[in-house]
**Student:** 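Before I ask anything, let me first share the structure, which is written out below as structure tokens.
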Amino acid sequence: MITLTHYLVLSGIIFTIGVIGVMVRRSALVIFMCIELMLNSVNLTFIAFSRYLNSLDGQVFVFFVLSVAAAEVVVGLAIIILIFRNKATVNVDEINLMKW
Amino acid sequence: MNRALLIQILKNPWTINVIEIFVVFGMIMFTVAYLSLLERKISARIQYRIGPNRVGPFGLLQPFADGIKFIFKEDIIPNHVNKVFYVLAPAIAIVPALLTFAVVPFGSPTTFFGILDEPVRLQIADLNVGILYIFAIASLGVYGIVLGGWASNNKYSLLGGLRSSAQMISYEISMGLAVMGVLMMAGSLSLADIVKDQERCWYIFPQFLGFLIFVVAAFAETNRLPFDLPEADSELVAGYHTEYSSMKFAMFFMAEYSNMITASAVIVTLYLGGWQGLPVGGWMGLPIVDKLWFMPLAWFCTKVAFLLFVFIWVRWTLPRCRYDQLMKLGWKIFLPLSLLNILITGVLIMMDVY
Amino acid sequence: MLETVLFYFFAGAAIISALMLVMRKNPVTCAVSLIITFISFAGLYILLNAHFIAAIQILVYAGAIMVLFLFVIMLLDLKREEDFLSRLKAQKFFGIALAVILLAEVFAAISSINGMFLTRGIYSAENIAEAGGNTKVIGRLLFTDYLLPFEVTSILLIVAIIGAVFLGKKEN
Amino acid sequence: MFEYIWLIPFLPIIGTVINGLLGKKLGDRVVGFVGCTVVGISFLISASLFAQLLSLPSESRFFSKVIYTWIGSGDFKADIGFQLDPLSSLMILVVTGVGFLIHVYSVGYMHKDPGYYRYFAYLNLFTFSMLILVLANNFLLMFVGWEGVGLCSYLLIGYWFEKKSAADAGKKAFVVNRIGDFGFILGIMLIFTTFKTLNFSEVFPKAVDAFSKGDPTITLIAIFLFIGAMGKSAQIPLYVWLPDAMEGPTPVSALIHAATMVTAGVYMVSRCNALYTLAPDSMTLVAIVGAATAIFAASIGLVQNDIKKVLAYSTVSQLGYMFLACGVGAFGAGIFHLMTHAFFKALLFMGAGSVIHAMGGEQDIWKMGALRKHMPVTFLTFLAGTIAITGFPGFAGFFSKDEILWEAFSGAYGSPALWLVGIIAATFTSFYMFRMFFLTFCGEFRGTDEKLHHLHESPGVMTVPLIILAILSAVGGYVGVPHILGGSNVIGSFLAPVFGKGLEGKVEAHGGGESLELILMGVSVVIAVVGLLVAYYLYLANRELPHKLEKKFKGIYKVLLNKYYVDEIYDACIVNPIKNGSIFLWEKFDDRFIDGLVNGVASFFDEGSAVLRRMQTGAIQSYMLSIVIGAVVILGYYLLK
């Protein structure tokens with residue numbers, strides 16, 4: 001029998017993997033993908049709760065998360081392309097203009 | 001094994017489902033094979049030639065000859081490619097094309113002359129999110145091309161892959177929006193419901209604009225002329241499959257033709273009444289014909305065949321359009337038009353015309 | 001039984017592909033791993049009776065967003081990433097350690113909420129089926145209770161489109 | 001029909017928006033057309049509303065409509081609401097009617113001016129503000145219009161802001177007005193704390209019911225309001241801005257002096273007649289200030305040489321008359337004079353504008369003369385205006401001025417002394433008006449030959465408004481023919497519902513009888529003729545005499561020519577001390593102390609952040625690490641709690 005806990009644990013693991021990815025990778029694109037991964041693990045939590053609490057609000061929320069993710073990706077990728085055009089790299093450790 | 005058990009097993013829905021899967025798969029593969037022959041024949045006719053006629057009567061065994069040739073040719077894997085994706089790409093290309101067919105109803109529910117106790121639906125899976133399923137799977141089809149193009153490590157292939165991804169995304173939007181009209185009329189996402197609802201009227205009539213958009217977008221989605229930019233041979237050698245040979249090339253080839261078949265089937269289901277007969281006269285008014293379980297199937301196959309013919313016909317008649325024209329058409333003309341279509345449909349539904 | 005098997009299958013696929021995403025150096029491999037993760041998630045959603053979300057998960061994430069990612073990777077012709085974080089070794093160590101602590105805390109939190117169920121909603125599986133299926137009910141929710149956020153979403157998308165076009169445009 | 005009352009102020013603001021935002025692109029013709037049309041339509045609506053109001057029985061001639069609740073906060077409530085009664089209906093007729101003629105005249109006068117569209121946008125805004133002022137049904141909205149006309153007068157007086165004197169005059173008008181506005185605001189606040197409401201229809205009945213005559217609170221309110229009126233209507237001691245306002249374009253002077261702005265104070269005092277009637281002391285103050293202003297300004301007008309300055313002082317003087325009327329409880333007479341004054345003063349200003357236009361910008365009457373031959377229309381219309389203002393029998397000014405003088409003599413709060421001052425001022429008026437008239441239009445031309453050749457009659461778009469106003473100046477007074485001359489004082493009875501309380505007292509006091517009234521009327525006719533004859537004798541018949549007189553009364557002449565040195569006195573007593581004090585505060589207090597404090601805080605954070613900003617490494621991973629640390633800590637806190 002699969003319980004809510006199973007899904008929550010899975011979602012926690014995936015989320016942590018995403019967090020690690022954001023912290024250790026250099027490529028802005030991969031970091032971006034890891035953020036998407038984190039968003040998805042949260043979506044999973046939402047849907048699992050929605051199923052086990054007999055409420056559809058979670059699924060509606062996922063719908064909104066999805067649209068926000070789409071908008072974010074579109075703008076984010078445009079920014080990455082722009083950075084690449086100017087600096088010929090997408091490695092975040094080489095794009096540290098915003099420092100003191 | 002005793003007879004009763006056999007019948008028991010045969011009547012199990014699971015068994016029927018498995019049988020359906022195999023039949024459909026076989027039919028598609030068979031059609032793909034003969035579609036290639038058909039294409040060559042029709043193109044020959046259009047160009048005032050005769051076409052293949054050496055292998056078998058009227059060249060009917062040509063597909064088998066081609067198959068044998070493909071299998072026995074040397075399978076070249078160039079050194080500079082990314083091996084994993086190079087090998088995976090053709091498979092990724094063909095799977096979605098076949099998967100899509102799972103939700104298309106190809107006949108009315110039947111008991112096969114009373115052999116079965118309960119009528120079985122001639123459809124592998126009746127999902128309540130059928131159309132979404134089609135779009136979801138169809139949107140995965142692009143990966144085969146993109147990954148194949150990238151893995152080949154060849155600039156022509158890469159360009160082909162890039163073009164196809166941009167093209168797919170552009171046209172998927174107008175395609176999805178065009179279908180909205182159908183959804184609004186049917187009030188359901190399930191393809192079985194949509195076909196059932198077309199009893200009153202084929203959707204091609206009330207949804208003609210949507211139909212046009214959908215058909216053109218389907219051409220673009222299947223990379224057929226006049227939208228075959230990903231493999232435009234005059235510019236990109238052979239596009240994404242430049243580096244492919246032997247059976248891997250054959251799989252791309254099969255993917256393209258299966259895509260055509262699926263697209264035709266979906267168009268038939270959404271706009272041309274699916275397995276329903278002609279909109280006038282029911283089953284030609286004959287009670288005998290009405291009883292025949294294969295009549296809907298026949299109607300369905302006829303319509304799909306006609307659409308396949310149109311696909312080929314268009315390919316050998318129209319020139320290829322430029323890439324910027326393609327993009328302009330998709331974003332600046334079809335997108336607004338499909339929105340307009342939704343608006344019109346919505347207004348007409350509000351006014352109880354539909 | 002079948003549910004259990006499928007859950008472990010999809011969960012395993014999701015975890016393995018997520019790990020691949022973080023550990024492989026080739027950006028295309030990463031992207032493909034992520035696609036696999038998304039598809040596994042869609043499978044989990046189906047197990048959870050969220051058919052609509054499963055379909056749009058594939059449609060939007062796997063079909064659109066990841067195509068864009070691949071498109072950008074190919075457009076920029078990104079090569080393999082060199083040894084990751086050669087400059088910030090300590091960062092890597094601390095990062096992973098912290099993430100593990102975070103995971104432990106999340107587990108602790110999960111174990112503490114387990115069993116403590118809040119109010120149960122009205123949308124049980126039977127009620128949804130009676131009301132016309134998952135998609136229909138979600139659609140109705142979106143256009144009634146969540147109408148305002150739904151409309152705001154469309155504004156968000158428009159803004160994103162305009163922003164992307166503006167950013168992507170070459171300066172004449 | 002009354003529901004459309006909001007259209008009246010709305011149309012001019014539409015004109016402002018169109019001309020202000022698009023005027024540059026539309027071209028001068030369209031701008032002029034739009035500017036005039038909106039006011040014209042407003043006038044038509046006002047006229048039809050007026051007609052409708054007339055068709056009602058006199059006790060139900062009242063309409064009030066709240067368009068929108070502007071501010072609602074606790075007890076306090078202020079509406080955008082309009083009120084139509086005999087008083088405001090008469091005012092909107094004057095504002096839109098005379099305003100419309102001035103707009104039309106401006107089309108010709110401002111021809112080829114580079115800021116044409118700006119000018120019309122301001123002009124429309126001015127009309128809008130004035131309409132809001134007169135239509136408002138509460139003190140706060142009235143104050144909005146009140147400030148609006150102040151702003152517009154600033155904008156229009158300083159319209160040619162490249163010229164320093166014009167910019168200064170604009171500022172002066174604004175600043176002096178603010179002093180008055182200060183009093184007005186205090187009055188409004190006191191009204192609110194006293195009555196808990198600002199609506200006219202609630203304040204006045206409450207005041208009459210709850211307060212006895214001479215109550216100090218009411219007196220204080222009335223005085224505060226009157227301070228506001230002093231500023232806006234240019235009464236002693238706040239009249240100084242008005243003569244300087246001549247720096248604006250001449251049609252603007254016409255608008256300010258005739259239809260809008262300066263009449264606001266008179267209107268407001270009349271509107272609050274219930275309050276003033278309750279406070280006899282404040283009435284006395286109003287009457288004294290009015291009479292003093294009348295004679296004071298008239299005496300300055302005697303010697304001024306600038307054609308517009310003469311008119312300006314005459315306006316101040318006539319406004320004094322109006323306040324004198326209000327002060328003696330004859331509010332109807334004040335409003336009557338306001339109306340006739342609007343006609344002939346607009347006419348005189350626009351005639352003067354026509355003269356200045358023809359003279360190529362020359363304003364000194366000593367350099368004019370004999371213009372009669374060159375500008376017949378202007379001559380005739382100007383003559384009509386002059387006769388009207390000096391109060392010759394049969395013309396508009398006669399009836400209204402005479403009523404004021406009669407009330408001043410015999411009214412409830414009147415006294416022979418006030419009448420005497422009024423009659424002397426009237427003599428002065430007659431003298432200086434004819435002096436200006438003779439010097440401008442008769443005799444021989446005293447300017448250069450070049451100017452002589454330049455002389456021409458103004459175009460039709462300017463003369464037609466002049467003719468219309470001339471006709472109004474001639475016949476406008478017949479709405480108020482007194483009983484004694486066989487008339488029925490139509491306007492008085494029309495306004496009676498608004499001034500009900502004020503009239504009661506007046507009727508009782510009329511003891512002098514009809515013969516006295518006729519004698520007084522005769523006196524005022526005589527003095528008008530005397531003024532005329534003296535002017536004729538000095539400036540046409542015996543031209544050496546003025547110079548001799550000048551020499552003989554050198555001291556007085558100089559004082560008068562320099563306007564009693566009021567500006568200089570103000571400078572020395574008020575302006576300069578404030579200026580020096582400000583300079584001290586700026587250089588010592590502000591520069592050293594305040595700036596030091598601010599800069600000290602800034603540099604503290606500047607140096608502090610120089611240390612802290614090292615945390616911004618620019619590496620996204622470090623930021624992410626910080627976020628995760630935060631997440632771990634917060635989650636840990638909740639788990640352990």
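Residue numbering restarts at 1 for every chain, and letters A, B, ... go by the order of the sequence lines. These figures come from a predicted structure and were not determined experimentally.
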**Student:** Under a 4.5 Å cutoff for heavy-atom pairs, which residue among C:L70, C:V28, C:T29 has the most contacts with chain B?
**Tutor:**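 Most heavy-atom pairs within the cutoff with chain B belong to C:V28.
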**Student:** Check the orientation of B:F85 and B:W150. Use parallel for under 30°, tilted for 30 to 60°, and perpendicular for over 60°.
**Tutor:** perpendicular
**Student:** Does any pair with a residue in residues 137-147 of chain C pass side chain to side chain donor-acceptor pair (under 3.5 Å), and if so which ones, sequence neighbours excluded?
**Tutor:**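 Sorted result for residues 137-147 of chain C: A:D57-C:Y146.
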**Student:** Distance-only criterion, 3.5 Å: show the donor-acceptor pairs between side-chain atoms of residues 38-61 of chain C and protein atoms not counting sequence neighbours.
**Tutor:**
from, atom 1, to, atom 2, distance (Å)
C:S40, OG, C:I36, O, 2.7
C:Q57, NE2, A:N40, OD1, 2.9
C:Q57, NE2, C:F38, O, 3.3

**Student:** Tell me, side chain or backbone of B:A166 under 4.5 Å from chain C's heavy atoms, or both, or neither?
**Tutor:**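 Contact with chain C is through both the backbone and side chain of B:A166.
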**Student:** Please identify, among B:V84, B:N82, B:I173, B:L140, the residue contributing the most non-hydrogen atom pairs under 4.5 Å to chain C.
**Tutor:**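 With the most close heavy-atom pairs to chain C, the winner is B:L140.
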**Student:** Looking at CG of C:L19 and CZ of C:R24, how far apart are the two atoms once the value is rounded to the nearest 0.5 Å?
**Tutor:** 12.0 Å
**Student:** Non-hydrogen atoms of chain B under 4.5 Å away: do they reach the side chain of C:A62, the backbone, both or neither?
**Tutor:**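 Interface part for C:A62: both.
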**Student:** With only heavy atoms counted, which part of B:V146 is less than 4.5 Å from chain C, the side chain, the backbone, both or neither?
**Tutor:**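 Its backbone and side chain both get close to chain C.
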**Student:** Let me confirm one number: the OG-CG distance from B:S174 to B:L329, rounded to the nearest 0.5 Å.
**Tutor:** 8.5 Å
**Student:** What part of B:L158 gets within 4.5 angstrom of chain C, counting heavy atoms only: side chain, backbone, both, or neither?
**Tutor:** side chain
**Student:** Return the set of residues passing salt bridge (Lys or Arg N to Asp or Glu O under 4.0 Å) with B:E256 (not counting sequence neighbours), or none when no residue passes.
**Tutor:**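 Only B:R224 meet the salt bridge (Lys or Arg N to Asp or Glu O under 4.0 Å) criterion with B:E256.
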**Student:** Using only heavy-atom distances, determine whether the side chains of B:S188 and B:D193 contain a donor-acceptor pair under 3.5 Å.
**Tutor:**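 Checked: B:S188/B:D193 side chains pair up, N/O donor to acceptor below 3.5 Å.
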**Student:** What is the distance from atom CZ of C:F71 to atom CD1 of C:I65, rounded to the nearest 0.5 Å?
**Tutor:**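 C:F71 atom CZ to C:I65 atom CD1 measures 16.0 Å (nearest 0.5 Å).
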**Student:** State, without any angle test, whether C:S17 and C:S33 hold a side-chain donor-acceptor pair at a distance under 3.5 Å.
**Tutor:**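 The answer is no; no qualifying pair exists.
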**Student:** Among residues 129-137 of chain B, which ones touch chain C with a heavy-atom distance under 4.5 Å?
**Tutor:** B:V129, B:L132, B:F135, B:A136
